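Report on one structure; see the data block that follows.
For clarity, every value in this text was computed on a predicted model and none was experimentally measured. Throughout, a chain's letter reflects where its sequence line sits, starting with A, and its residues are numbered from 1.
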Amino acid sequence: MQEVSFSYLDELNDIQRQAVSCLEGPVMVIAGPGSGKTRVLTYRVAHLINNGVAPWNILTLTFTNKAAKEMKSRIEKVVGSSANKVWAGTFHSIFARILRVEAHRIGYPNDFTIYDTDDSKSVIKEIIKSMNLDPKVYNNNAIRSRISSAKSNLITPKNYVKNEELMNYDKMNRRPMTHVIYEKYVNKCLRAGAMDFDDLLLQMFRLLYQNPDNVKQKYQSQFRYLLVDEFQDTNYLQYEIIKQLVFYEGSDKNVCIVGDDAQSIYSFRGATIENILQFERDFPSVNTFKLEQNYRSTSYIVNAANEVINYNKKQIEKKIWTERLEGQKIKLIRTMTDNEEGKRVADTIIEQKNRYNLQNKEIAILYRTNAQSRVFEEHLRRFNIAYRIYGGLSFYQRKEIKDLLAYLRLTANPKDNEAFKRVINYPKRGIGNTTVSKLLQIGEEHEMSLMEVVMSVDIQARAKTKILGFVKLIQSLRQKAEQSNAYDVAVYAARKSGIIDLLKSDTSVEGQGRLENLNALLDSIKEFVENDELEAGEEATDKSLSQFLQTITLMTDQDNEEEGNDNVTLMSTHAAKGLEFKSVFVVGLEENLFPSFMALSNPNQIEEERRLFYVALTRAEEHLTLSYANSRYQFGQMRFNDPSRFLEEISEDNIDNISIMKSSGPGKSSSGRSGFGEPKLLGNFKRLAPTKTNLALQMDPKDFKVSPASSIKEGMNVLHLKFGKGVVKSVDNRNVATIYFSGVRDTPEKRIMLQYAKLQIIEDDA
DNA sequence: GGGGGCTATGGGGGG
DNA sequence: CATAGCCCCC
């Protein structure tokens, strides 16, 4: 018998240790922020392995690849390399991996494509068009979310029609044909051999539920121990899959769910707190452990977070507490404009770095919407503070990346219509919209994919020879794919298609950037292929194209993080869940923004926004700074919002409500001409809050008067609400002015259309 | 069939 | 403000 050390148990507090040691039967862990949740999860897996459970009998499901990766590496630290054999991944990636083997049993090719959100939208748009419905009434996003939520609630198109509530809702919204679109959408995806994100869950459920060839028993017996992280974020469908795997006659029901109802922030994609309550009903023998001690944050922060979350009616009773010192009160920054907010936050970061010796990577700026990142970027750049933005447009969503990927998708799965449409005329080969529409129509009539159409139907089109050239190209790619790995195919595709040549011919800065991105993609494919060989273990390695495509479709930018770089983190509050930083800035705390205007009319959604705010607050270990602006550019215009209601929910005991800062005006000249109310930031001498008496020029946006376009002439000094002061270099005959804004760092010279721009002429000595 | 430029429209969080 | 879609012209 081998010697096994359980010394890791000594690193846990009583309740954590109980949760880790209770290996058999259903377990529920309610884990407050910073309460050592990940530690409990990983040690639990380690403990299972040390007690003789085979790693491949353990399945842990998380929501992000990052969480899965961290879990694996932390398990490895305790039990060594056998951690690799634990099935740890996101719901989507684990199910995709299984479907890659089993999909043929339920009518999909094993080489199925994963449609991302853009692909789904494109399919829906096409359907709406083909049905001659008004695209304004049949809003693409609205339809997509109806379909998505139907799938997440296991409502098939047939059942959708029978569901009065759904049908009435659609009628009320003047979209009675939604169910038809849903049905067509499902058929189209199936015919294209494509699964959207919801399908990865739904088809997994179908596989288990319909159980062809007793495939369900295969996975039930394999996954003897199931762990689910962030259970509060699961939707109905995800829970039903979990039940398929563990909830059956004779099962030991070894399922452990970990979550925190107070951090449930994904109801918009179907997550339901109801699952936690239902879990207790479904598994009455459940052992419940509440982790309430917070090890992360100082007590001011913990107290403030408790104050806020107490405003929510719906919650599981618990008391989060900490033994940590008081620390510092929460700081509040108030400014006149969003631009000023960016500046004050950047100032404060410099100040904190100096005073507390913080590294960039210990600091995060959290916002409600990704669109808010820009002002912070500008000001961080200005002070030479390295930063990294997460979210927004991911690398894989860039055009040049998606273009090459579309070739690869089409190679792996010729039925992939979305990929086909993307590349049939890219690079330009003279196959225009008219021809593509014709192909689409034939495809509809014969229920064929576009590739099948061009290969089998005699097309009467001028572009016929060009189409045949394209078909030949794809065939050569397929041939290549049979003999080579994903990397070689990708390089071949990039060259053969003409994409490389096209990008090379564009010598602009952007064009060069696109070429670099493409090369970066190729590098990442190479890495994928090589890593795969290294990891050769008992699972058959698969460096095929579809495997690679699956991996990256399910990957987000966050998953590519390079460790060790010292960057300030900019991300949405949603993306910050599970992370922690010494110093956190929660910005844009205004009504209509945080809480979002979308949530204002619905008390349940306000509660979700509050939980989101709670998540934001509890990311901070030592320093927490909140900010809001009285005015900001929103939807292309200046808006004036009240401070967020959430700010009032923090008592004066925990927030330093005195540090009032005011704007020094919309201009932001660093020369000091308009900004002498700002703290000096050069050299080592930094201050935190300028005192009230320190205020100088105050410029209320309301005082800003737009000068008529016709009055703006060459040589004039003008003021722009966003760019600040500028000099008009020239005005051309189309009424486009070239204006030099000295306050703008990267591209001070802007070309502005006078008929739209809001500019105020200012006197020379302003 | 392709490209440029104007106009209308939407606008959240993410796997 | 960004982008999709449309119209017009080549």
With a non-hydrogen cut-off below 4.0 angstrom, is [X] in contact with a base, only sugar-phosphate, or nothing?
X      : answer
A/T117 : base
A/K466 : nothing
A/R144 : base
A/N370 : sugar-phosphate
A/Q372 : nothing
A/D198 : base
A/Y266 : sugar-phosphate

Within the pair [X] and [N], is there a side-chain N or O less than 4.0 Å away from OP1 or OP2?
X      : N      : result
A/K428 : B/dG3  : yes
A/N235 : B/dG15 : no
A/N592 : B/dG11 : no
A/K577 : B/dG14 : no
A/T573 : B/dG13 : no

Between A/R429 and A/H92, which has a closest nucleotide on DNA chain B that is more 5'?
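In this pair, the answer is A/R429.
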5' precedence on DNA chain B between A/S596 and A/N433 (nearest-nucleotide basis)
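Closest to the 5' end, via its nearest nucleotide, is A/N433.
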Nearest 0.5 Å, please: how far is OG in A/S120 from CG in A/D199?
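OG of A/S120 is found 8.5 Å from CG of A/D199.
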How close or far is atom [atom2] of [N] from atom [atom1] of [X], stated in whole angstroms?
X      : N      : atom1 : atom2 : answer
A/M638 : C/dC1  : CE    : C1'   : 13 Å
A/I552 : B/dG15 : CD1   : C1'   : 14 Å
A/R269 : B/dG14 : CZ    : C1'   : 5 Å
A/L366 : B/dG12 : CG    : P     : 18 Å
A/N139 : B/dG12 : CG    : P     : 13 Å
A/E591 : B/dG12 : CD    : C1'   : 16 Å
A/D233 : B/dG14 : CG    : P     : 12 Å
A/K464 : B/dG1  : NZ    : P     : 16 Å

For A/F63 and B/dG15, is the gap between ring centres under 5.5 Å while the planes differ by less than 30°?
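No, A/F63 does not stack on the base of B/dG15.
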Quick one, A/K402 with A/D118, criterion side chain to side chain contact (heavy atoms under 4.5 Å, CB included). Give me CA distance, side-chain angles, the key distance, then yes/no.
CA-CA 11 Å; A/K402 292 193 88 167; A/D118 288 341; 3.1 Å; yes
Starting the side chain at C-beta, find the nucleotide from [options] nearest to [X].
X      : options                : result
A/R368 : B/dG13, C/dG5, B/dG2   : B/dG13
A/S572 : B/dG15, B/dG11, B/dG13 : B/dG13
A/E608 : B/dG1, B/dG13, B/dG15  : B/dG13
A/K125 : C/dA4, B/dG13, B/dG12  : C/dA4

By the definition salt bridge (Lys or Arg N to Asp or Glu O under 4.0 Å), identify the one residue from A/R639, A/R645, A/R632 that meets it with A/E590.
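The passing option is A/R632.
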Does C/dC6 have a Watson-Crick or wobble mate here (both distances under 3.5 Å), and if so which one?
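Across any shown strand, C/dC6 pairs with B/dG5.
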Could you let me know what B/dG13 is paired to, Watson-Crick or G-U wobble, both distances under 3.5 Å, or none if it's on its own?
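Across any shown strand, B/dG13 pairs with none.
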Cation-pi check, A/R269 to A/Y266: give yes when NZ or CZ is under 6.0 Å from the six-membered ring centre and within 45° of the ring axis, no otherwise.
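Verdict for A/Y266: a cation-pi partner in A/R269.
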Is the ring pair A/F197/A/H92 parallel, tilted or perpendicular, if the boundaries are 30 and 60 degrees?
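The rings of A/F197 and A/H92 stand perpendicular, inter-plane angle above 60°.
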Should the pair A/Y239 and A/F231 be assigned to parallel (<30°), tilted (30 to 60°) or perpendicular (>60°) ring geometry?
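If you compare the ring of A/Y239 with that of A/F231, the planes turn out perpendicular.
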Are A/Y628 and A/L647 packed together at the side-chain level, in the sense that at least one heavy-atom pair is separated by less than 4.5 angstrom?
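Contact flag for A/Y628/A/L647 side chains = yes.
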Do the side chain of A/E609 and the base of B/dG12 come within less than 3.5 angstrom through a donor-acceptor pair of N or O atoms?
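In this structure, the two groups form a donor-acceptor pair.
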